Amino acid sequence: MAKTIDLFQVADEELEARSRFTCRIKTCASTACLSAGAGPVRTALEQAVAAAHAGHDIEVVPTGCMGLCSKGPLVRAEPRGASPTLFEQVTAEGGRAIAETFTGQRSEPDVTVLDESIPFFTQQRRVVLKSAGKINPDRLEDYVAEGGYRAVLTALTEMTPQEVIEVIRDSGLRGRGGAGYPTATKLGLLADAQGETKYVVANGDEGDPGAYMDRTIMEDDPHRVLEGIILAAYATGASQAYIYVRAEYPSAIERLERAIRDARRHGLLGRNILDNSFRLDVAVRIGAGAFVCGEETALMASIEGKRGTPSIRPPYPTERGLWGAPTMINNVETLANLPEIIAGGADAFASVGTGSSKGTKVFALAGKLQHTGLIEVPMGITLRTIVYDIGGGIPNGRSFKAAQTGGPSGGCIPAAHLDTPVDYESLRALGSMMGSGGLIVMDDTVSMPEVAKFFMEFCMDESCGKCVPCRAGTVQLHELLGKICDGKATRADLQLLESLSWTVRDTSLCGLGQTAPNPVFSTLHYFRNEYLDLVAGGR
């Protein structure tokens with residue numbers, strides 16, 4: 001039988017253990033930095049520390065994403081009693097030099113220092129990512145030392161399930177997967193559903209081009225995801241939960257499965273969680289990487305071992321979901337907000353953001369910018385602030401042209417709307433959407449019809465083929481866009497492009513087909529002149 005963890009004792013012991021080190025050197029072990037060579041950097045750090053016989057004084061800590069991915073691999077040295085130093089684009093030799101500096105073998109490393117007072121860091125407000133880049137994601141003790149699982153303890157010992165739902169309702173949290181559906185409403189629907197078995201599903205099937213928000217949350221803070229799932233299950237009466245992750249995220253899968261084992265071993269999963277009558281088990285389910293499986297009915301079909309294709313709704317999952325039982329599906333980022341809301345209170349969470357868009361949002365900031373990476377900002381921040389302050393502006397003397405938000409389901413926002421607040425309603429009014437959090441910035445060298453063609457090709461390839469409008473319509477739209485981009489189209493082709501886009505939007509079965517034409521609509525609306533130039537024979 002699992003031994004119940006004493007959260008306060010574990011936290012005290014972990015903090016005491018940390019205090020014994022003269023320096024803690026944290027090296028990013030998230031996928032972005034690993035792809036840039038962070039693995040050899042960590043090895044070099046550990047070998048240099050061991051060679052200096054300073055292993056008992058200096059700790060090398062693999063952490064999650066430190067944010068500024070374009071400057072990776074990143075290493076942060078935190079000497080006791082002194083300010084930390086963040087090093088950028090560290091090589092294996094640079095890692096060795098950093099270790100030798102803090103073991104007293106050299107005066108300073110020949111490695112570039114990254115200024116953490118730049119707007120990229122100071123303009124952010126980290127809630128979901130508050131522990132990313134600080135803790136070792138493979139150690140439950142690290143998460144507990146940062147206050148982890150205290151929200152579960154509070155909920156199980158001091159709150160009824162309905163009180164948990166009401167706190168989340170008061171916080172104003174809305175789904176971070178794109179639609180912005182009120183989270184408490186969905187919790188309430190599952191709580192009220194009839195049935196002995198209920199399921200909670202964390203949707204980590206992130207498929208937008210350039211997006212890696214959910215991947216990073218699962219990789220860098222898997223216990224935060226688990227804690228959010230436990231809170232959602234307690235509030236709704238669910239006894240089984242699944243985390244659906246695409247197979248392209250091996251590190252996320254490995255770390256989540258380790259976190260589940262550790263949580264079960266310490267009485268945080270299973271029967272009588274934290275010595276209370278509540279029970280819950282969690283399992284990881286791996287998807288084959290189909291974009292359409294981000295749609296909830298297709299996702300459930302995949303979990304059940306069927307082909308991942310969508311179904312007509314109603315019934316909705318909270319009425320009839322996995323194996324016919326009531327099921328609630330939430331995006332990973334949505335669930336990762338729950339511990340902060342329960343631990344910090346609804347008012348604190350609701351104090352950030354706008355009237356109808358509360359809290360923060362994680363974005364994968366990519367494209368033509370000085371600084372790209374993973375950011376978490378308050379809802380309502382302007383696009384201009386993200387592009388020119390956090391992103392550092394457009395490189396090479398070029399000018400801003402558009403920002404694509406919402407991935408293939410979103411739209412392109414032109415320079416005239418740079419001062420738009422980034423919230424659900426404002427983006428929707430511009431013909432775009434929040435989406436799961438992809439944000440791609442384009443400069444004045446980009447052809448907007450080519451952008452629409454790129455996203456249409458993605459949707460065409462990812463269509464499951466179940467309904468004709470999506471299966472055939474996206475192919476026809478892609479061909480028309482190719483004809484336009486090649487300068488071989490006529491005005492009639494342009495009219496057909498618009499007409500067919502409306503047909504695909506209005507008649508497709510699921511969200512993939514219904515939103516596939518959005519990049520066409522937004523580029524036609526804001527950049528119609530580029531289409532007309534190409535139709536007139538220009539290139």
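Treat the numbers as computed from the prediction; the structure is a model and nothing was measured. One is the number of the first residue; the rest follow in order along the sequence.
Looking at heavy atoms from C-beta onward, Leu231 lies in side-chain contact with Val152 at the 4.5 angstrom threshold. Put simply, the side chain of Pro519 does not reach to within 4.5 Å of the side chain of Met456, judged on heavy atoms. Using a 4.5 Å heavy-atom threshold, the side chains of Pro222 and Glu257 count as separate. Between Met433 and Arg428, every side-chain heavy-atom pair lies at or beyond the 4.5 Å cut-off. A 4.5 Å side-chain heavy-atom check between Val441 and Leu439 finds at least one atom pair inside the cut-off. No side-chain heavy atom of Asp221 sits less than 4.5 Å from a side-chain heavy atom of Lys130. Taking the side chain as every heavy atom from C-beta outward, Thr63 and Asn136 never approach each other to under 4.5 Å. Side-chain contact between Thr360 and Met379 is absent, with no heavy atoms from C-beta onward closer than 4.5 Å.
Here the side chain of Arg471 pairs no donor or acceptor atom with the backbone of Ser463 at under 3.5 angstrom. Between the side chain of His266 and the backbone N or O of Asp262, at least one donor-acceptor pair lies under 3.5 Å. The main-chain N or O of Leu509 is found under 3.5 Å from a side-chain atom of Gln514 such that the two form a donor-acceptor pair. The backbone N or O of Ala402 lies less than 3.5 Å from no partner atom in the side chain of Gln404, so there is not a single donor-acceptor pair. Here the side chain of Thr327 pairs a donor or acceptor atom with the backbone of Ala325 at under 3.5 angstrom. The closest donor-acceptor contact from the side chain of Glu227 to the backbone of Ala151 lies under 3.5 Å. Between the side chain of Glu219 and the main chain of Ser30, no donor-acceptor pair closer than 3.5 Å is present. Side chain of Asn276 to main chain of Leu274: a donor-acceptor pair is present (N/O by atom type, distance under 3.5 Å, no hydrogens or angles). For Ser508 (side chain) and Arg505 (main-chain N/O), no donor-acceptor pair under 3.5 Å exists by modelled atom type. Although no hydrogens or angles enter the test, the distance criterion places no donor-acceptor pair under 3.5 Å between the side chain of Asn203 and the main chain of Asn331.
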Does the pair Ile230 and Phe278 meet the rule for a side-chain contact (heavy atoms from CB on, under 4.5 Å), with working shown? CA-CA 10 Å; Ile230 295 169; Phe278 175 62; 4.0 Å; yes
Kindly determine whether Arg215 and Ser251 satisfy side-chain contact (heavy atoms from CB on, under 4.5 Å), including the steps that lead there. CA-CA 9 Å; Arg215 185 195 75 198; Ser251 293; over 6 Å; no
Kindly indicate, with the supporting measurements, whether the criterion side-chain hydrogen bond (donor to acceptor under 3.5 Å, both in side chains) is fulfilled by Asp275 and Thr4. CA-CA 7 Å; Asp275 292 328; Thr4 299; 3.0 Å; yes
Dump the intermediate steps for side-chain contact (heavy atoms from CB on, under 4.5 Å) on Met300 and Val201, then the final yes or no. CA-CA 9 Å; Met300 291 189 297; Val201 177; 5.7 Å; no
In sequence, state the C-alpha distance, the side-chain angles, and the governing distance for Glu254 and Arg258, and then conclude on salt bridge (charged side-chain N to carboxylate O under 4.0 Å, His left out). CA-CA 6 Å; Glu254 179 184 349; Arg258 182 182 291 110; 3.1 Å; yes
Set out, in order, the CA-CA distance, both residues' side-chain angles and the distance that settles salt bridge (charged side-chain N to carboxylate O under 4.0 Å, His left out) for Arg139 and Glu14, then state yes or no. CA-CA 11 Å; Arg139 297 188 72 245; Glu14 177 63 23; 3.1 Å; yes
Could you please spell out the steps behind the side-chain contact (heavy atoms from CB on, under 4.5 Å) verdict for Val10 and Phe8? CA-CA 6 Å; Val10 169; Phe8 299 98; over 6 Å; no
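Looking only at atom types and distance, the side chain of Ser302 has a donor-acceptor partner in the side chain of Tyr244 under 3.5 Å away. Using a 3.5 Å distance cut-off with no hydrogens or angles, the side chains of Thr197 and Gln240 do not pair a donor with an acceptor. Looking at Ser426 and Asp423, their side chains do bring a donor and an acceptor atom within 3.5 Å of each other. One side chain, Tyr531 or Thr523, offers a donor N or O that lies under 3.5 Å from an acceptor on the other. Checking Thr297 against Glu295 by side-chain atom types alone, a donor-acceptor pair falls below 3.5 Å. Using modelled atom types and a 3.5 Å distance limit, the side chains of Ser131 and Glu146 yield no donor-acceptor pair. Under 3.5 Å, the side chains of Thr334 and Thr183 contain no donor-acceptor pair of N or O atoms.
The pair Arg150-Glu158 does not count as a salt bridge, with every side-chain nitrogen at least 4.0 angstrom from each carboxylate oxygen. Salt bridge Asp281/Arg271: absent, no basic N to carboxylate O contact under 4.0 Å. Under 4.0 Å is where a charged nitrogen must lie from a carboxylate oxygen, and between Lys361 and Glu333 at least one such pair does. Here Glu166 pairs with Arg169 in a salt bridge; the nearest charged N to carboxylate O distance falls below 4.0 Å. Between Glu457 and Lys453 there is no salt bridge, since none of the side-chain N atoms of the basic residue sits less than 4.0 Å from a carboxylate O of the acidic one.
Ile217 and Ala336 make their closest contact through CG2-CB, 4.1 Å (heavy atoms, listed as atom of the first residue, atom of the second, distance). Here the shortest heavy-atom pairing between Phe363 and Met434 reads CZ-SD, 3.6 Å. Here the closest heavy-atom approach between residue Ser171 and residue Phe349 is recorded as O-CD2, 3.5 Å. The minimum heavy-atom distance linking Cys470 with Leu512 is given by the pair SG-CD2, 3.7 Å. Nearest approach of Glu340 to Val127, heavy atoms of both residues: CG-CG1, 3.4 Å. When all heavy atoms of Asp208 and Gly406 are compared, the pair lying nearest together is OD2-O, 3.7 Å.
Note that CG of Asp138 is 5.5 Å distant from CZ of Arg255, once rounded to the nearest 0.5 Å. Annotation: the span from Ile243 atom CD1 to Leu335 atom CG amounts to 9.0 Å, rounded to 0.5 Å. Rounding to the nearest 0.5 angstrom, the gap separating the NZ atom in Lys466 from the CD1 atom in Ile312 is 7.0 Å. Here Leu226 contributes atom CG and Leu269 contributes atom CG; the two are 6.0 Å apart, rounded to the nearest 0.5 Å. Taking CD1 of Ile165 as the reference point, atom CG of Asp170 lies at 12.0 Å (rounded to 0.5 Å). For the atom pair NZ (Lys306) and OG1 (Thr309), the distance works out to 9.5 Å, reported to the nearest 0.5 Å.
Ring pair His223/Tyr143 is parallel by interplanar angle, where below 30° counts as parallel and above 60° as perpendicular.
For the pair Arg174 and Tyr181, the NZ or CZ position fails the cation-pi test of under 6.0 Å to the six-membered ring centre and within 45 degrees of the ring normal.
Between Phe458 and Phe291, a ring centre-to-centre spacing shorter than 6.0 Å is recorded.
Residue Leu430 is tested with Ile413, Thr405, Leu383 for a side-chain contact (heavy atoms from CB on, under 4.5 Å); the sole match is Ile413.
Applying the 6.0 Å contact sphere to CZ of Arg125 captures no more than 12 heavy atoms from other residues, nucleotides or ligands.
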